[in-house]
Protein chains: 2
Amino acid sequence: MSITASPVTGSTTREAIAASARAMFAERGYTATSVRAIAAAAGVDPALVIRHFVSKEQLFVAVMGWTENPGPELDGPLETLGRTLVAHVLDPARDAERRAYATMVQASDNDAVRASLRDAARVHFIDRLTARLPGADVAVRAELIAAQLGGLMQGWPTIAETLADDADRARVVDLYGASIQALVDAG
Amino acid sequence: MSITASPVTGSTTREAIAASARAMFAERGYTATSVRAIAAAAGVDPALVIRHFVSKEQLFVAVMGWTENPGPELDGPLETLGRTLVAHVLDPARDAERRAYATMVQASDNDAVRASLRDAARVHFIDRLTARLPGADVAVRAELIAAQLGGLMQGWPTIAETLADDADRARVVDLYGASIQALVDAG
DNA sequence: GTCTATACGCTGATAGAC
DNA sequence: GTCTATCAGCGTATAGAC
């Protein structure tokens, strides 16, 4: 690993590929985005994309993966954790992350993508939540809460269509939060 | 393996294509299953697959879609609806249906597949549930319950790995059922 | 009306020369 | 490191034989 002037980036080319890949995958999904299109948008040769990232699926995982951000806040009070989690997930500022999750799920037709998604959810969320939950069956309950949040993120575009205003969005936070809270308190 | 008698429109060839498509999509997913492989398994020419079903995505929707079965039982008592729904969804006898759902979600990278999935969920489940729920915000609550069940079906293979025995499965029905029941009662 | 043969333009990926 | 050339496989269209 050579160290260059910039802290995070390696080569400029690699960065350019990653940037256009991130944008195109997010906008059009995995299948509809071709390696050639990514290369064209980045102004490089298609073969370079593979040279740098080994395969399209590894590029996707590298670029869409739950890389750095800490996952939902789990440090708040247990009594309101359900609500906190839902508010976090539906936060308009986190739109891009939510879309990235949905994009990964919809690309999980692919084995490597599915495995990466499961591992990331485990490390960044389920294990930490398991440690945080009180009472019995903590591992199962953490898994179930993750399933509920996954369903919410996945279904959110459809759900949002049926909402009239921001008050309705707040109502969703209340309703879904209370439902998850039942799992937090179930131990 | 014999092919059943043709219904009104069906030719034997069409049936054979549908049968092998259903099996291969279920086993390997959408992307990994090629039109040519379906044709080979059915013993027909690849072009015939397209002739009969117009496109790969339409074949997938026709064959994997929520075609006939009535969707979850919504006619039981409201007081235990949450539990009933979860028990229905996790019923080992319904393994194939659950897998089909997950396969469709994972193929929903594709616009037509995603649209079909959303429409089917609406017609077969959400609209009926909306009519059944008491109180306020019934449409939103029905949508949220659908999201929770979707998350459960999607996450079930992973969840099942963390369960030790059938008692744990029963515990999941209790826990998740109670959580959904909170949405049923929230009106 | 089925069905076969062939072909087109795309895909992700590789080998090897600069 | 980068580019050229090329690969086998994909979904699909079409022309024409039964």
Side-chain angles (χ1 to χ4, degrees), chain A residues 1-6 9-22 24-25 27-64 103 106-114 116, chain B residues 3 5-22 24-25 27-64 106-114 116:
Chain A
M1 305 179 198
S2 66
I3 297 176
T4 62
S6 52
T9 76
S11 81
T12 305
T13 300
R14 196 186 157 90
E15 274 300 297
I17 293 169
S20 62
R22 195 154 14 230
M24 299 190 77
F25 281 140
E27 196 180 320
R28 291 141 71 144
Y30 181 77
T31 309
T33 301
S34 73
V35 170
R36 285 163 161 88
I38 292 168
V44 305
D45 189 275
L48 271 182
V49 175
I50 300 296
R51 264 257 176 275
H52 278 288
F53 291 94
V54 181
S55 69
K56 182 188 178 184
E57 74 182 14
Q58 287 190 43
L59 169 59
F60 181 78
V61 168
V63 133
M64 301 295 289
T103 301
Q106 287 161 11
S108 63
D109 189 35
N110 180 300
D111 286 345
V113 172
R114 195 165 54 251
S116 156
Chain B
I3 308 291
S6 320
V8 180
T9 67
S11 74
T12 303
T13 300
R14 194 186 159 91
E15 281 295 302
I17 292 169
S20 63
R22 195 155 12 231
M24 298 189 78
F25 281 139
E27 196 178 323
R28 294 145 63 150
Y30 181 77
T31 308
T33 301
S34 73
V35 170
R36 285 163 158 88
I38 292 167
V44 305
D45 189 275
L48 266 185
V49 174
I50 300 297
R51 259 255 175 289
H52 278 288
F53 290 94
V54 181
S55 70
K56 182 187 178 182
E57 72 182 14
Q58 287 190 41
L59 169 60
F60 181 78
V61 168
V63 131
M64 301 295 289
Q106 288 162 10
S108 63
D109 188 35
N110 180 301
D111 287 344
V113 171
R114 194 165 55 251
S116 156

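Just so it is clear, the model here is predicted, and its values are computed rather than measured.
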d([atom1], [X]; [atom2], [N]) in whole Å:
X     : N      : atom1 : atom2 : value
A:H52 : D:dG1  : NE2   : C1'   : 7 Å
B:F25 : D:dG11 : CZ    : P     : 9 Å
A:F53 : D:dT2  : CZ    : P     : 12 Å
A:L48 : D:dA5  : CG    : P     : 16 Å

Answer whether the closest heavy-atom distance between the side chains of [X] and [Y] falls below 4.5 Å.
X      : Y      : value
B:V44  : B:I38  : no
A:E57  : A:Y30  : yes
A:Q106 : B:R114 : yes

Could you tell me which non-hydrogen atom of [X] sits nearest to which non-hydrogen atom of [Y], and how far apart they are?
X      : Y     : answer
B:P46  : B:V35 : O-CG1, 3.9 Å
B:A41  : B:M24 : CB-SD, 4.0 Å
A:S116 : A:V61 : OG-CG1, 3.4 Å
A:A42  : A:A16 : CB-O, 3.6 Å

Output all residues satisfying side-chain hydrogen bond (donor to acceptor under 3.5 Å, both in side chains) with A:D45, sequence neighbours left out; order by chain, then residue number.
-> none
Fill in the dot-bracket string of DNA chain D, one character per base: . for unpaired, | for a pair to another strand, ( ) or [ ] for pairs within the strand, taking Watson-Crick or G-U pairs under 3.5 Å.
-> |||||||||||||||||.
Classify the ring geometry between B:F25 and B:F60 as parallel (under 30°), tilted (30 to 60°) or perpendicular (over 60°).
-> perpendicular
Contact list for residues 31-43 of chain A, test side chain to side chain donor-acceptor pair (under 3.5 Å), sequence neighbours left out = A:T31-B:D109
Using the side chain to side chain donor-acceptor pair (under 3.5 Å) rule, collect all pairs that involve residues 46-56 of chain B, keeping only residues at least two apart or in two chains.
-> none
Phosphate contact (C:dC3 OP1 or OP2) by B:T13 side-chain N/O below 4.0 Å | yes
Quick one: what's the B/S/- string for nucleotides 5-18 of chain C, heavy-atom cutoff under 4.0 Å, read 5' to 3'?
-> B-B---BBBB-B--
Residues in contact with DNA chain D, drawn from residues 106-114 of chain B - heavy-atom cutoff 4.0 Å = none
